[in-house]
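Here the structure is a predicted model, which means the values were calculated and not measured. Atoms within a ligand are numbered from 1 in the order they appear, just like the ligands themselves.
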Amino acid sequence: MQPLIEPHGGSLSQLLASPLRADHLRDESIKFPSIFLNDRQLCDVELLLSGAFSPLKGFLNQGDYDSVLERMRLSSGFLWPIPITLDLTQEDTQRIGNCDQIALRDVTGILIAILNRGDLWRPDKQKEAVEVFGTDSCEHPAVDYLMRRAGSYYLGGHLEGIQMPPHYDFHSLRHSPRQLRTEFESHGCSRIVAFQTRNPMHRAHKELTDRAARDVGGHLLIHPVVGLTKPGDIDHFTRVRSYKKLLQYYPKGKVFLSLLQLAMRMAGPREALLHAIIRKNYGCTHLIIGRDHAGPGNRSNGEPFYGPYQAQDLLKSHTKELGIEVVPFRLMVYAPKSNAYKAIDEVRKNETTLSISGTQLRTMLLNGDEIPEWFSYREIIEELQQTYPPKSHKGFAVFLTGLSGSGKSTIANALQSRLLETLSCPVTLLDGDVVRTNLSKGLGFSKEDRSTNVQRIGYVASEIVKHRGVVICAPIAPYQEDRTINRQRIEREGGYIEVFANASIEVCERRDVKGLYAKARAGLIKGFTGIDDPYEVPNDPEVICNTELETVEESIGLVMTKLRELAFFVQPEIDE
Ligand code: PPS
């Protein structure tokens, strides 16, 4: 039996305090200032405490930070590619003052670790972006985080763990490096090839991981990232359910599945190096590295951030020092003639091959297209179809905006009836006036209060759409910024169409159904939209209802046609 593989010739960092020490620190912590960790910081703390980030013993101090940026090494000389830092805002630094010990808590307040204060400094973020990510463009998601979200200060220091951050999903698939090494040892595995992934796995992945395990002559560890991945990725719950279903297709006893709570930075080559160090810490001997490993995709001009094989080259040049070998990932394509997957370099000249990219797959799911069997396994396709249903099975929001008296409520009520007539599900109406009697009771008509009101409506609508429901919103919503925020929030969950109820202020004033224009003219109401308060005309609404010229029937006809056109619901015949 192989001895446990020790990283960097040393042992795994052991940062969790003994039960006695943890009790003592918990009692003491009432005197310490607290920092509430965000999702990314919590992922970093988890990997520090578990030993996955060995040999780190906490957040980097300034000397190590500078050294990692400039030399890709800790000041001790250990290879370390990405600075693991605790960023703080100015207010945080004021709150912690000169205290030597700081309580690190999750958002719910659970005490996770004590940070024994090291250096506090203001980093040069521009330099960090260029050195680590090779760019200072905020098109790179980690640069965007660094420049726009991360606090301006870094606090280094040694951690003493009180408890691991709690997880309530997939318990049996979460392991510390020590647990996984023990598992490998108990199964007599000496050669283990890790497969890092942030995507669902299909037949091509199955084939390439099979080949990698065969080439290495060992076992396979499917080691998906379930911390933070690239925005827009398939959620980890769906992915893990699908990985579990894939396991049955591997030879028994040859494959392990374990989840990694890493916050990815999408840092390409440097991130690949971090992945290798982590896998080494987990006891793996090999790591599969693909084309553009951990790359964030292309810039808006179509140029990639990193060269396709930069990550492989960087790792190969450090293999000895890392103590883990690279298995280069060969792009696998389906060759229909032989009904088999082939590595791209095995494909004969003029041989037809097929593949479906992640983006193509998402579009196919959205359109309800059939996903071919050659691409994936039936169970996995079904799993994805359940979480990512076609547009026609998702919820949607119709967001009406316009001046008071422009006809929003009339259209909204008529549309609700028409939808209820055709759809067999409830339709919620969030009318401006009604919302102000409950959800937004107490708010006034200042710019700030209007934003709060409109964004509250957007939040509720997004929840309804997330649950595959239908909602019609009809506030004035005079500001473009609030409407844009709502659109983005709702589009993440399902369908969204903006309808501009267009009528001139003169016509609205002439209609004056509620007598409010008269009051506003008489100075009895201040800040009335269109009179002495602004209304920003929508930039690009999906539908414009010219209520001065159209009947209500015609207006709702336009909305129904647009909904059908965008395939938000499949409706055999609608009488408009
Ligand atoms: S906003 O700007 O979106 O928050 O406005 P909203 O919540 O839709 O407004 C609801 C109704 O409040 C009445 N009202 C006013 N409207 C505009 N400006 C001022 N100052 C004001 N004071 C009261 C008005 O009747 C709005 O309803 P609608 O249906 O638009 O006429």
Side-chain angles (χ1 to χ4, degrees), residues 397-418 427-465 471-490 496-548 550-552 555-556 559:
V398 176
F399 195 97
L400 285 134
T401 167
L403 293 170
S404 174
S406 60
K408 301 183 299 293
S409 301
T410 313
I411 298 173
N413 280 299
L415 185 64
Q416 186 186 33
S417 296
R418 181 57 54 85
V427 176
T428 301
L429 176 55
L430 299 173
D431 191 44
D433 259 340
V434 182
V435 165
R436 280 182 175 271
T437 64
N438 41 61
L439 182 67
S440 287
K441 195 171 177 177
L443 289 180
F445 288 88
S446 64
K447 182 171 192 299
E448 205 188 356
D449 278 6
R450 286 181 195 261
S451 287
T452 305
N453 174 44
V454 171
Q455 289 190 37
R456 267 187 203 168
I457 293 173
Y459 172 72
V460 173
S462 74
E463 286 295 309
I464 292 171
V465 172
V471 56
I472 303 168
C473 315
I476 297 174
Y479 298 109
Q480 182 62 45
E481 193 187 348
D482 298 320
R483 295 191 299 252
T484 305
I485 290 170
N486 283 355
R487 176 188 284 274
Q488 288 166 349
R489 178 174 270 161
I490 296 167
Y496 176 90
I497 67 167
E498 188 173 278
V499 179
F500 175 34
N502 186 19
S504 67
I505 184 76
E506 293 76 23
V507 168
C508 292
E509 192 166 357
R510 223 175 300 133
R511 288 177 183 159
D512 205 8
V513 191
K514 301 176 191 165
L516 293 174
Y517 281 95
K519 282 190 181 166
R521 287 290 180 201
L524 299 172
I525 302 177
K526 297 268 181 263
F528 196 81
T529 309
I531 302 293
D532 55 351
D533 221 48
Y535 179 80
E536 297 169 4
V537 170
N539 288 340
D540 205 7
E542 276 75 6
V543 179
I544 300 178
C545 295
N546 287 307
T547 63
E548 291 180 25
E550 295 161 11
T551 63
V552 180
S555 292
I556 61 170
V559 179

Undergrad: Test your reading of the model: is there a side-chain donor-acceptor pair from Lys408 to the backbone of Gly402, 3.5 Å cut-off?
TA: yes

Undergrad: Which atom pair, heavy atoms only, marks the closest approach of Arg456 to Leu443?
TA: NH1-CD1, 3.7 Å

Undergrad: If you count heavy atoms of other groups shown closer than 6.0 angstrom to CD of Glu481, is the number above 12?
TA: no

Undergrad: Is it the case that ligand 1 has an N or O less than 3.5 angstrom from some N or O of Ile525?
TA: no

Undergrad: Is the terminal nitrogen or CZ of Arg483 (NZ for Lys, CZ for Arg) located under 6.0 angstrom from the six-membered ring centre of Tyr496 and within 45° of that ring's axis?
TA: no

Undergrad: Considering the heavy atoms of Ala477, write down every atom of ligand 1 situated less than 4.0 Å from one of them.
TA: 3 (O)

Undergrad: List every atom of ligand 1 that sits less than 4.0 Å from any heavy atom of Pro478, numbering the atoms from 1 in the order shown and giving each element.
TA: 2 (O), 3 (O)

Undergrad: Determine whether the side chains of Glu548 and Ser504 contain a donor N or O and an acceptor N or O closer than 3.5 Å.
TA: yes

Undergrad: Is any side-chain heavy atom of Ser409 closer than 4.5 Å to a side-chain heavy atom of Asp431?
TA: yes

Undergrad: Shortest non-hydrogen contact from Gly407 to Arg511?
TA: N-NH1, 4.1 Å

Undergrad: Is the ring pair Tyr517/Phe528 parallel, tilted or perpendicular, if the boundaries are 30 and 60 degrees?
TA: perpendicular

Undergrad: Quick one: nearest non-hydrogen protein atom to atom 16 (N) of ligand 1, plus distance?
TA: Ile476 CD1, 3.4 Å

Undergrad: Identify, for atom 29 (O) of ligand 1, the protein heavy atom at the shortest distance, and state residue, atom and that distance.
TA: Lys514 NZ, 3.1 Å

Undergrad: Quick test: of every protein heavy atom, which one is nearest to atom 2 (O) of ligand 1, and how far off is it to 0.1 Å?
TA: Arg450 NH1, 2.8 Å

Undergrad: What protein heavy atom sits nearest atom 13 (C) of ligand 1, and how far off is it?
TA: Leu516 CD1, 3.9 Å

Undergrad: Going by the atom numbers of ligand 1, which of them fall below 4.0 Å from some non-hydrogen atom of Pro475?
TA: 3 (O), 8 (O)

Undergrad: Can you report which non-hydrogen protein atom sits closest to atom 19 (C) of ligand 1, along with the distance?
TA: Phe528 CD1, 3.4 Å

Undergrad: Starting from atom 30 (O) of ligand 1, which protein heavy atom do you reach first, and at what distance in Å?
TA: Lys408 NZ, 2.9 Å

Undergrad: What is the distance from atom CD1 of Ile505 to atom CD1 of Ile531, rounded to the nearest 0.5 Å?
TA: 4.5 Å

Undergrad: Could you pull out, from Ala412, Gly527, Cys473, Ala474, the option with a heavy atom nearest to atom 20 (N) of ligand 1?
TA: Gly527

Undergrad: Counting non-hydrogen protein atoms only, what is the nearest one to atom 23 (C) of ligand 1? Give residue, atom name and distance.
TA: Phe445 CZ, 3.3 Å

Undergrad: Mind checking whether Asn453 contacts ligand 1 via backbone (N, CA, C, O), side chain (CB onward), both or neither, at a 4.0 Å heavy-atom cut-off?
TA: side chain

Undergrad: Measure Val454 to ligand 1 on non-hydrogen atoms and call it side chain, backbone, both or neither using the 4.0 Å cut-off.
TA: side chain

Undergrad: Examine ligand 1 and decide if any of its atoms is less than 4.0 Å from a heavy atom belonging to Asp533.
TA: no

Undergrad: Roughly how far, to the nearest 0.5 Å, is the OG atom of Ser406 from the OH atom of Tyr535?
TA: 7.0 Å

Undergrad: Can you sort out which atoms of ligand 1 are near Gly432, meaning under 4.0 Å from one of its heavy atoms?
TA: 8 (O), 10 (C)

Undergrad: Between atom CD1 of Ile464 and atom CD1 of Ile472, what is the distance when rounded to the nearest 0.5 Å?
TA: 10.5 Å

Undergrad: Quick one: look at Ser404 and ligand 1, take heavy-atom pairs under 4.0 Å, and tell me if it's side chain, backbone, both or neither.
TA: both

Undergrad: May I ask you to identify the nearest protein heavy atom to atom 7 (O) of ligand 1, giving residue, atom name and distance to one decimal place in Å?
TA: Arg436 NE, 2.5 Å

